[in-house]
Every structure is written in C-alpha cells, then in structure tokens.
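Have a look at the structure below, then the notes.
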2 protein chains.
Amino acid sequence: MPPVDRSVVADVALFAGLGPAELDEVLREARSVRYPKDSAVFHQGAEADSFFVLLHGHLRVEKTTPQGQQIAVRYVSPGEIFGVAQALALKHYPATAVAAVESIALCWPSAAWPRLTAKFPSLAASALQTVGSRLQDTQARVIEMSSEQVEQRVAHALLRLAKQAGRRIETGVEIDFPISRQDVAEMTGTTLHTVSRILSAWEQQGLVEGGRQRIVLRDPHKLFALAEGRIPSARSGG
Amino acid sequence: MPPVDRSVVADVALFAGLGPAELDEVLREARSVRYPKDSAVFHQGAEADSFFVLLHGHLRVEKTTPQGQQIAVRYVSPGEIFGVAQALALKHYPATAVAAVESIALCWPSAAWPRLTAKFPSLAASALQTVGSRLQDTQARVIEMSSEQVEQRVAHALLRLAKQAGRRIETGVEIDFPISRQDVAEMTGTTLHTVSRILSAWEQQGLVEGGRQRIVLRDPHKLFALAEGRIPSARSGG
DNA sequence: TGCGCGATTTGCGTCAGGACAACGTTCCGG
DNA sequence: CCGGAACGTTGTCCTGACGCAAATCGCGCA
C-alpha cells in the first residue's frame with residue numbers, strides 16, 4: 001500500500017541510481033506530508049527523527065543566533081533532500097525549516113537512513129554529492145561576505161534565488177515565492193533598511209521590479225555584472 | 001608491499017569502521033607524501049586526481065576570489081580527510097591547500113574512491129559525516145559574519161584554531177603552527193590592520209600573547225565571553 | 001655580528017552602512 | 001467601507017572599519 005507513486009519523484013536526483021522496484025521499496029517507507037504556508041517542517045534543536053525530500057513548494061531554512069537574531073541559511077527547492085541531520089551524526093536539527101509557500105514533502109523516519117543506505121549505496125553517494133554541493137555554496141557565501149560590499153551581496157543573493165526558484169514572466173524573472181526585504185536582509189547579513197534602499201535604487205534604474213513580498217529581476221545580466229563588481233555602483237551614478 | 005603501516009592511521013576517523021585486513025587493503029593503494037612548509041598539496045582549479053588524509057602537520061585551505069583576493073576557508077588537522085572533490089562530483093579542486101608547516105599526507109588516486117566506497121560502505125558514511133560537520137562549521141561562519149562585529153569574529157576564529165590545533169604551554173594555549181595577522185584577517189574577512197589593532201588591544205589586557213607568526217591564548221574563557229558578545233568591547237575600556 | 005626583508009604597529013582621514021524614527025502603502029477582517 | 005496591522009520607504013545621524021602610509025621590530029642568513 002504505497003501512498004507515494006513513483007511518478008512524483010521522477011526528477012529527484014537522490015533516486016537517480018535506483019530501479020523501479022528498488023524505488024518502490026524506498027517509497028514504501030515514506031509518507032507524504034503537506035505543510036501550510038509559514039508552518040515549520042522541523043525546528044532548530046528538535047530531535048532529528050525524520051529526513052525529507054521536498055516535492056512541491058519552497059522552504060526557508062533559518063538559524064537563530066545566540067543573540068536571538070535569525071539568519072536565512074538557504075532555500076530548499078523541489079527535488080532536494082533536506083533534514084538529513086541523522087546522516088551527519090547529529091541528534092538534533094541544526095536549523096529550522098519553514099514553508100515559504102504551501103509545500104509537500106516526503107518524510108522518512110531517521111532510523112530508515114542507515115538501513116536504506118546499506119541496501120542502496122547510491123543513496124549515500126547521492127547524499128554525499130548533495131551535501132558537498134551545499135558546502136560549496138556555503139563556502140561561496142563566506143567568500144562573498146568576506147570580500148564583497150553589501151550591494152554585491154544582495155545582487156548575488158537575488159541571482160541565486162532566481163536560479164533555484166525563478167519563473168520567467170514577460171518583464172523578466174520572478175522569484176517564485178513571497179520574499180520580504182527582511183528575508184533578503186537575513187540572507188545577506190544586513191538590515192532591511194539597507195536592502196530597501198538598494199532595491200529602490202535598482203528599481204529606479206529598471207534593474208528590478210519590486211512589490212510587496214515580491215521581486216522581479218528585469219535585467220539579470222546587468223545584475224550579474226554588478227554582483228561581480230564590474231559596475232562601480234548602482235546607487236551613486238543614478 | 002604496503003609502504004604505509006596501520007599504526008599511523010590508528011586515530012583516523014575515516015577508517016574507524018574497518019578491520020585490520022580491510023585497512024591493509026585500503027592502505028595498499030595509498031602512498032605517503034611529504035610536503036615542505038609553504039608548498040601546495042593541490043591548487044584551486046587543478047584536476048582533482050587524488051584525495052588525501054593528513055597524517056602530520058597542518059594545512060591551510062584557501063580560495064581566491066574573482067578579484068584576486070585570498071580567503072582562508074579552513075585549516076586541516078591530522079587525521080582529517082581532504083581533497084575529496086571527486087566524491088562531491090567535482091572535476092577540479094575548488095580550493096588550494098598549502099602546508100602551513102612541514103606535513104605528511106596519505107594520497108590515493110581519485111579513481112580509487114568509487115571502488116573503495118562500494119566495497120567498504122563505512123567509508124562513504126564517514127565521509128558524509130566529515131563533509132556534514134564541515135558544512136556545519138561553514139554555516140556557523142556565515143552566521144558569524146552576518147551577525148557579529150569584527151572583534152567577535154576574530155575571537156571566534158582564534159578559539160576555533162586553538163580547538164583544532166591548540167597546544168597547552170605554561171602561559172596558555174598556543175596555536176601550533178605559524179600564523180600571521182594576514183592569515184587571521186583572511187579567515188575573518190577583514191584586514192591585517194584591523195586584526196593587528198585588535199590583537200594589540202587584547203595583548204595589553206593580558207588576553208593573548210603575540211609574536212611573529214605566533215599567537216598564544218592566555219585567557220580562552222574571557223575570549224569566549226567576548227566572542228559571545230557578553231563583554232561590551234575590549235578596545236574601548238583599555 | 002650586521003644586514004635586509006617581511007611582519008607588525010599605529011595615526012589619520014574617509015565612508016559605507018547600521019540605528020533610530022517617521023511616514024506612506026497594501027492587505028485583510030469586520 | 002473602515003480600521004488596524006504588517007510591510008515598505010526614506011531622511012538624518014553616527015560609529016566602526018578600511019585604506020593609505022610611514023615607522024618599527026624581529027628573524028634568518030651571510
């Protein structure tokens with residue numbers, strides 16, 4: 001009685017190495033869960049009793065600092081595995097995952113992980129690649145934050161969001177879930193005030209198009225040049 | 001004809017799950033290489049033809065930004081696996097590894113990785129945990145850089161260095177390899193000038209003890225309080 | 001022992017960006 | 001249609017950190 005059909009995970013990289021029968025066996029242990037907008041999939045510090053694969057929607061992963069400030073670590077897009085704390089030898093989730101929009105995820109008990117990876121080694125290899133690429137992304141962010149100005153960091157953040165959750169519309173590329181200036185600020189390590197100023201300046205130049213919890217990139221190419229520092233500044237030169 | 005003896009890898013976490021015979025089999029494919037101080041183990045962008053385990057010494061892993069600035073990503077301590085680009089599906093090394101002191105590492109051809117992990121799944125599990133914990137560290141750094149002042153970041157960096165490469169001496173904990181203010185600056189995303197100022201202030205208060213490419217933590221506990229932001233500032237009250 | 005180079009220290013000017021505050025706008029329930 | 005709340009914009013002020021540059025120190029080597 002598998003409630004989860006193979007077709008819904010056709011493009012999940014984690015399962016790329018599995019045959020149909022194997023896939024059914026893995027899916028048999030999963031259940032599909034729906035998360036309303038703004039509800040938490042798991043909380044930072046909670047016991048890591050499950051791991052997940054996102055099927056539909058978008059999640060925001062955030063950490064809370066000792067001082068209580070929240071930082072957006074990354075966003076999860078459909079097809080990604082997340083909450084694999086168990087595989088990293090963590091007893092508790094290191095961050096909180098919140099549904100940015102209504103989302104659906106597959107959910108396995110953490111206890112299933114060792115068994116599944118032992119039986120299907122390609123799962124471990126896939127997970128290693130996923131975590132590795134996440135490490136690359138995170139290191140890239142460290143480098144950004146070390147060496148770049150706020151404006152370039154915001155540009156990078158928007159480009160990254162557009163890349164993983166962008167949707168083409170007539171006037172450009174729209175980020176496919178509600179995102180506030182506060183969220184962008186949390187991603188780039190600045191304040192919503194500064195983000196607001198920067199986006200206003202960009203909007204005047206036709207680089208982006210704003211709105212309430214909505215951002216459209218009208219000129220991603222120019223934005224990229226700006227992120228690379230090949231344009232002096234978008235705020236001074238009018 | 002294994003040139004590498006089991007005893008030298010007794011405390012390498014990667015091999016924890018292997019029996020003596022299995023260990024010998026893995027070591028048979030490795031060779032031991034010595035790296036003089038300041039020599040590179042591999043270069044960023046070079047083809048990832050090997051992966052390594054550090055036996056002795058310390059390495060600095062650094063990335064070069066598009067603008068040519070160098071950032072110290074992390075330091076490698078004995079017992080750690082590194083250069084596993086192949087396992088992360090990367091064809092080229094994403095960073096440069098330089099010997100901070102004379103170092104010795106075991107070296108396998110990258111081609112051996114898929115074969116070894118297929119035969120010994122515990123290797124993949126170990127590697128996953130290693131990469132995972134590295135991801136945790138890197139995310140922690142992102143959060144530091146987002147939410148903390150330069151002084152707190154420097155404190156955190158020193159504590160982290162002391163944790164993974166600290167050596168107890170009479171006056172405190174010494175960092176066990178030559179490290180310049182420039183290096184600390186590259187770790188914390190600031191300039192050597194600022195680092196120099198901060199360390200000078202700390203030295204006046206007896207928090208640390210400096211020297212040419214040498215740092216001793218005389219009061220790690222107080223330094224930790226400072227890193228957490230529980231002490232207003234060490235520079236004003238001096 | 002003396003020399004030279006690289007590491008370190010430090011003063012000063014400048015400015016990006018954070019803090020604070022007030023105001024405008026959109027959304028939603030009644 | 002109205003009121004309130006959350007979200008976004010903008011102005012002003014001010015601090016912390018960087019850039020520049022020059023002085024000083026210390027180690028390694030001859």
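Throughout, protein chains are lettered first and strands after them, A, B, ... in sequence-line order, and every chain is numbered starting at 1.
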What is the distance, to the nearest angstrom, from the [atom1] atom on [X] to the [atom2] atom on [N]?
X        : N      : atom1 : atom2 : value
A:Lys37  : D:dA6  : NZ    : P     : 14 Å
A:Trp202 : D:dT9  : CH2   : C1'   : 17 Å
B:Glu148 : C:dG17 : CD    : C1'   : 18 Å
B:Gln204 : C:dT9  : CD    : P     : 11 Å
A:Leu192 : D:dT10 : CG    : P     : 13 Å
B:Asp183 : C:dA7  : CG    : P     : 9 Å
A:Ile198 : D:dT9  : CD1   : P     : 12 Å
B:Glu203 : C:dT10 : CD    : C1'   : 14 Å

Would you say a side-chain N or O of [X] is under 4.0 Å from OP1 or OP2 of [N]?
X        : N      : answer
A:Ser200 : D:dT10 : yes
B:Thr194 : D:dC18 : yes
A:Thr190 : C:dG18 : yes

Any idea which heavy atoms bring A:Ile175 and A:Leu161 closest together, and the distance?
->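 The answer is CD1-CB, 3.8 Å.
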Give the minimum heavy-atom separation between B:Glu186 and B:Ile71, together with the two atoms involved.
->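 Result for this residue pair: O-CG2, 3.4 Å.
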May I ask you to check whether over 12 heavy atoms, not counting those of [X], lie within 6.0 Å of atom [atom1]?
X       : atom1 : result
B:Lys37 : NZ    : yes
B:Glu47 : CD    : no
A:Lys63 : NZ    : yes
B:Gln69 : CD    : yes

Which residue, B:Gln149 or A:Ser196, contacts DNA chain D at a nucleotide closer to its 5' end, judged by nearest heavy atom?
->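 Between the two, 5'-proximity favours A:Ser196.
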Please list residues of residues 170-182 of chain A whose heavy atoms come under 4.0 Å from any atom in DNA chain D, ordered by number; otherwise none.
->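 Those residues are A:Ser180, A:Arg181.
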Parallel, tilted or perpendicular, as decided by the 30° and 60° cut-offs, for the rings of A:Trp108 and A:Phe51 |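 Plane angle under 30°, so parallel.
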Please work out which of the three classes, parallel, tilted or perpendicular, describes the rings of A:Phe177 and A:Tyr75, given edges at 30° and 60°.
->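 Rings of A:Tyr75 and A:Phe177: parallel, under 30°.
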Relative to the 5' end of DNA chain C, which residue comes earlier, B:Leu199 or A:Gly189, by the nucleotide with the nearest heavy atom?
->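 The residue whose closest nucleotide sits nearer the 5' end is B:Leu199.
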Earlier contact from the 5' end, DNA chain C, for B:Arg214 and A:Arg153 =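 On the 5' side of the pair lies B:Arg214.
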Report the distance from atom OG of A:Ser147 to atom CZ of A:Arg153, rounding to the nearest 0.5 Å.
->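 Taking OG in A:Ser147 and CZ in A:Arg153, the distance rounds to 9.5 Å.
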What one-letter contact string describes nucleotides 21-30 of chain D from 5' to 3', where B marks a base within less than 4.0 Å of any protein heavy atom, S marks contact via sugar-phosphate atoms alone, and - marks no contact?
-> B----BS---
So do A:Arg214 and A:Glu209 actually touch side chain to side chain, heavy atoms under 4.5 Å?
->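 Sidechains of A:Arg214 and A:Glu209: in contact.
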Taking atom types as they are modelled, is there a donor-acceptor pair under 3.5 Å from the base of C:dG11 to the side chain of B:Arg197?
->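 Such a pair is found, so the answer is yes.
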